[in-house]
Trainee: 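Sharing a structure with you now.
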Amino acid sequence: MSSTHLSPDPSSAAGSAPTKTTFRAHTDIAFIKYWGKKDEVLRLPENGSISMKLADLYTTTTVEFDPQLKQDVVKINGLVESGEELRVIQHLQRVRDLATQVSLPLATASARVVSNNNFPTGSGLSSSGSGFAALTLAATRAIGLRLSQKELSILARQGSGSACRAVCGGYVEWHDADTSEGSFSETLFPADHWTLSDVVVVVSQDRKTVGTSTAAHRTAGSSPFFITRLQRINQKILAVKTAIAEKNFGQLGQLIEAEALEFHSIMLTSQPAQIALLPGTIQVMHQVLQLRSKGIPCYFTLNTGHNIHVLTLPTHADLVADSLQQLPLVEWVVFTKTVGDPVQVSDHLL
Ligand code: PMV
């Protein structure tokens, strides 16, 4: 990581006393998906991606570095043994290593971390992206580091790929690169450029059937169609950027729905096959087609889980949500929309 901005935060206490910091980072929905990695350790994706940040699905994380503490203590969604604690501790170590470079007094301190999602974890709603973004923002601030947006993005990426985008707001692009320095995200357009509605449809709160996303990413290259995907991806990224710039919802919708189906085609044709779709997911897809045939502008997209996002214009959001909520296989829907940057909050979780 470049050390251009790597310096103590003059506004923080930056002494050896514990400093509690809390950040809220929102999840995003990818319009062009990140799938497959060219470097697993650095989490460099095979292709660039584009997403939109979501207002009502978020992770809140409090971090406190305390020199009196013997070891890191991590509580996620109320559980001390969440299964994610080792990955969190590795990420705290990356933050301590950076703090060591600029001789911060808390650089060797252990930390207390409490993190909560306000939505089901591990069901394909990108909880690791918002989680590692909130952790990166809270931990760097709590330890007394001042990092640029680019440096935060690079650091967050090493915790979880999609966290690279989740430290930004609005419409976000994660650049394709062969180096860690070049693989970062930035806001393409702020949230107020264009507000879109997203009806997030939960068809099951269970964890997704596609195993850990690290293992699933590894299967991408085994699909015979993956090479074709990579050959066309930059053209698709450009088309999505143009549709957002021109606020052309019909164009954007077609592109993101086709991208979601292409992405699932890659998963379905990988070895072993990654089958994420549940009957409820398919039911929602058909209902979206039905609504469109009646002139309602709405398009679906989804990640590695079974829960599905339906993008629409704010003027049609109530109608789309009501129609999807009535489907027999739908558990509940969450209404959300485009949102800006992560925020620091004063209500700490510990
Ligand atoms: O961040 P990960 O490793 O959980 O990968 C998730 C990738 C997708 O959600 C499927 C697509 C994306 O770009 O968010």
Side-chain angles (χ1 to χ4, degrees), residues 25-54 57 59 83-84 87-88 90-91 117 119-136 153-168 171-176 183-185 188 198 200 207-221 223 226 229-230 233 236-237 240-241 255-268 270 274-277 281 300-309 311:
H26 303 86
T27 63
D28 62 355
I29 179 63
F31 291 167
I32 296 287
K33 312 291 180 186
Y34 139 52
W35 198 237
K37 295 177 198 166
K38 45 188 165 203
D39 185 319
E40 270 204 24
V41 177
L42 290 173
R43 292 182 201 273
L44 300 182
E46 288 282 5
N47 59 272
S49 57
I50 306 223
S51 73
M52 179 181 93
K53 297 298 295 297
L54 301 175
L57 302 178
T59 304
E84 286 292 322
R87 213 166 138 191
V88 170
Q90 280 169 359
H91 202 58
N117 295 326
F119 59 95
T121 302
S123 64
L125 297 175
S126 295
S127 54
S128 71
S130 55
F132 278 89
L135 176 67
T136 302
S153 178
I154 291 170
L155 178 59
R157 191 201 72 229
Q158 294 168 60
S160 161
S162 38
C164 176
R165 294 187 312 238
V167 295
C168 304
Y171 296 86
V172 181
E173 177 170 19
W174 179 2
H175 301 288
D176 177 31
S183 184
F184 65 96
S185 300
L188 274 175
D198 180 8
V200 184
R207 285 196 162 253
K208 54 195 181 189
T209 51
V210 169
T212 67
S213 87
T214 303
H217 275 283
R218 240 174 245 151
T219 66
S223 164
F226 192 59
R229 168 171 172 75
L230 294 184
I233 201 88
K236 286 172 64 166
I237 288 175
V240 164
K241 280 160 73 166
L255 287 161
I256 65 173
E257 199 171 279
E259 162 66 357
L261 291 169
E262 178 180 300
F263 160 56
H264 276 264
S265 307
I266 300 287
M267 290 217 297
L268 290 167
S270 292
Q274 309 292 315
I275 307 173
L277 311 175
T281 323
F300 64 78
T301 181
L302 68 168
N303 290 337
T304 48
H306 39 264
N307 296 323
I308 173 162
H309 295 248
L311 275 294

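One-based numbering, in listed order, for ligands and for the atoms of each. The analysis underlying the following values was restricted to heavy atoms, covering all of them including side chains, and did not include hydrogens, waters or symmetry mates.
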Trainee: Report the nearest protein non-hydrogen atom to atom 6 (C) of ligand 1: residue, atom name, distance rounded to 0.1 Å.
Mentor: His217 NE2, 4.0 Å

Trainee: Which of the atoms in ligand 1, numbered in the order shown and given with their element, are less than 4.0 Å from a heavy-atom of Ala30?
Mentor: 12 (C), 13 (O), 14 (O)

Trainee: Could you tell me if any non-hydrogen atom of Ser49 lies under 4.0 Å from any atom of ligand 1?
Mentor: no

Trainee: By number and element, which atoms of ligand 1 are closer than 4.0 Å to a non-hydrogen atom of Phe263?
Mentor: 10 (C)

Trainee: State whether the side chain of Ser223 and the backbone N or O of Ala220 hold a donor-acceptor pair below 3.5 Å, judged by distance alone.
Mentor: no

Trainee: Name the orientation class of the two ring planes belonging to Phe132 and His91 (parallel below 30°, tilted from 30 to 60°, perpendicular beyond 60°).
Mentor: perpendicular

Trainee: Closest non-hydrogen protein atom to atom 1 (O) of ligand 1, residue and atom name please, with distance?
Mentor: Ser162 OG, 2.6 Å

Trainee: So, does Gly129 sit close enough to ligand 1 that a heavy atom of it is under 4.0 Å from the ligand?
Mentor: no

Trainee: Would you call Arg229 and Glu46 a salt bridge, using N to O less than 4.0 angstrom?
Mentor: no

Trainee: Between Thr27 and Ser130 (side chain of the first, backbone of the second, donor and acceptor by atom type, cut-off under 3.5 Å), is there such a pair?
Mentor: no

Trainee: Quick one, Asp28 and Val172 - any side-chain contact, counting heavy atoms below 4.5 Å?
Mentor: no

Trainee: Answer yes when Glu40 and Arg218 have at least one side-chain N-carboxylate O distance shorter than 4.0 Å, and no when they do not.
Mentor: yes

Trainee: Within the structure provided, determine whether Leu261 and Phe300 are in side-chain contact (heavy-atom separation under 4.5 Å).
Mentor: yes

Trainee: For atom 7 (C) of ligand 1, what's the nearest protein heavy atom and its distance?
Mentor: Tyr34 O, 3.3 Å

Trainee: Non-hydrogen atoms of Trp174 versus ligand 1: any pair closer than 4.0 Å?
Mentor: no

Trainee: Report the relative orientation of the aromatic rings in His217 and Trp35; use parallel for angles under 30°, tilted for 30 to 60°, perpendicular for over 60°.
Mentor: tilted

Trainee: Pair Leu268, Ile275 - check side chain to side chain contact (heavy atoms under 4.5 Å, CB included), show working.
Mentor: CA-CA 6 Å; Leu268 290 167; Ile275 307 173; 3.9 Å; yes

Trainee: Specify the protein heavy atom at minimum distance from atom 9 (O) of ligand 1: its residue, its atom name, and the distance to 0.1 Å.
Mentor: Asn303 CG, 3.3 Å

Trainee: Please write down residue, atom name and distance for the protein heavy atom closest to atom 4 (O) of ligand 1.
Mentor: Ser213 OG, 3.1 Å

Trainee: Run the numbers for me: atoms of ligand 1, each under 4.0 Å from some heavy atom of Ser160, listed by number.
Mentor: 1 (O)

Trainee: Within ligand 1, which atoms have a heavy atom of Ser128 less than 4.0 Å away?
Mentor: 4 (O)

Trainee: For Arg165, is the nearest heavy atom under 4.0 Å from an atom of ligand 1?
Mentor: yes

